[in-house]
Amino acid sequence: MKRAAATIAAAEAARLPIMLSELRLPTIKRLWVDLAEQSNREGWPAERFLGALLTHEMAERETRRLARTRAESQLPPGKGLSEFDFAAVASVSKARIMALAEADSWIAQGHNLLAFGPPGVGKTHLLAGVGHALVDRGYKVLFTRTSDLVQRLQAARRDLRLPAELAKLDRFDLLILDDLSYVRRDQAETSVLFELIAERYERKSIAITANAPFSAWDEVFPDKAMTLAAVDRLVHHATILEMNVDSYRRRAALPAIRQRSATQPSTPDRTAQDSVASK
Ligand code: ADP
Ligand code: MG
């Protein structure tokens, strides 16, 4: 009798890996033998055994999903908010950034985030940090150099598939366009960047880093009217971070300079987060 039961159990067990593969439950497939042993040994009720298996599967599924979203985001690794030294940029309020990182409501409303300042002040790091925090919360983010994206959109336009390419970008809750002011003059001859901005306006968020203030963006768009229209849409609902401090790298290399600028904030008149109010 007992032997017959054992034979049946063994046959069941042999089928399990196949069924678990078929159902795409790799974690249960990996763990069930150990958990079944523990369950038998400790006399778990069936509910507990089943619950334990499913909990593990769900947790690992979430971990895999996050890893996939992070890889897809192309965010630079190691540039999280926990690695960002807020003391180095007096004009940026940590509380404000942390609120953005929690996605309060700006992502849902398609509001924007703009960071301005000279090279090396941490614009890319700061926005990447916000991006990483949003990925942690399950949002889809894409980080790209602006000129790379413009190139991609221009190729799409040439092949008459710009709308499809723009639609592909729509699944990202936040696009981080790094170094907008580095778009080259010849790239600016098409309006693809403007079309991207217009397409996402009031629907999906864009974050931008730029060395040059708006006044110099004529280089980036085909003509003045389009520059104005782009700026208008970008700032309509936006948080603007002015990061006019010394280069972080330079200060890190020269502790004496760092000390001096810590006691004398370099931007007394342009305060942080001129959050541009809705018109
Ligand atoms: P930007 O985009 O303004 O040119 P980056 O974000 O590329 O500057 O920063 C330059 C380097 O200095 C990066 O390695 C970045 O991680 C580091 N960095 C800049 N600001 C900070 C900061 N406040 N805390 C920590 N690291 C910083
Ligand atoms: Mg940068």
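Order of listing sets the numbers, starting from 1, for every ligand and every atom in it. All values below were derived from every heavy atom in this structure, side-chain atoms included, with hydrogens, water molecules and symmetry-related copies excluded.
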Peer 1: Quick one: closest heavy-atom pair of Pro119 and Asn211, and the distance?
Peer 2: N-OD1, 3.8 Å

Peer 1: Looking at Leu193, Val183, Thr190, which one forms a side-chain contact (heavy atoms from CB on, under 4.5 Å) with Phe221?
Peer 2: Leu193

Peer 1: Quick one: do Arg64 and Glu57 make a salt bridge, cutoff under 4.0 Å?
Peer 2: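 So Arg64 pairs with Glu57 through a salt bridge.
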
Peer 1: Can you find an N or O of Pro119 that's nearer than 3.5 Å to an N or O of ligand 1?
Peer 2: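 No, there is no polar N/O contact under 3.5 Å.
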
Peer 1: Give me each pair satisfying ring pair (Phe, Tyr, Trp, His ring centres under 6.0 Å) with a member in residues 49-89, each pair once, sequence neighbours excluded.
Peer 2: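 Counting only pairs at least two positions apart or across chains, the ring pair (Phe, Tyr, Trp, His ring centres under 6.0 Å) contacts touching residues 49-89 are Phe84-Phe86, Phe84-His125.
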
Peer 1: Take the Mg ion (ligand 2) and tell me which protein N, O or S atoms are nearer than 2.8 Å.
Peer 2: Thr124 OG1

Peer 1: Parallel, tilted or perpendicular, judged at 30° and 60°: which one describes the rings of Trp217 and Phe214?
Peer 2: perpendicular

Peer 1: With sequence neighbours left out, which residue pairs that include part of residues 219-228 fulfil the salt bridge (charged side-chain N to carboxylate O under 4.0 Å, His left out) condition?
Peer 2: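 Every salt bridge (charged side-chain N to carboxylate O under 4.0 Å, His left out) pair that includes a residue of residues 219-228, provided the two are not neighbours, is Arg185-Glu219, Asp218-Lys224.
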
Peer 1: Is Gly120 in polar range of ligand 1, meaning some N or O pair under 3.5 Å apart?
Peer 2: yes

Peer 1: What pairs of residues pass the ring pair (Phe, Tyr, Trp, His ring centres under 6.0 Å) test when at least one of them lies in residues 156-206, not counting sequence neighbours?
Peer 2: Tyr201-His236

Peer 1: Taking N or O atoms only and a 3.5 Å limit, does Phe86 qualify as a polar contact for ligand 1?
Peer 2: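 No, no N or O pair falls under 3.5 Å.
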
Peer 1: So, 4.0 Å and heavy atoms of Thr209: is ligand 1 close enough to count as a contact?
Peer 2: no

Peer 1: Could you tell me if the side chain of Leu177 sits less than 4.5 Å from the side chain of Leu149, heavy atoms only?
Peer 2: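 The answer is yes, as the side chains (C-beta and beyond) meet within the 4.5 Å cut-off.
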
Peer 1: Side chain, backbone, both or neither: which part of Lys79 comes within less than 4.0 Å of ligand 1 when only heavy atoms are counted?
Peer 2: side chain

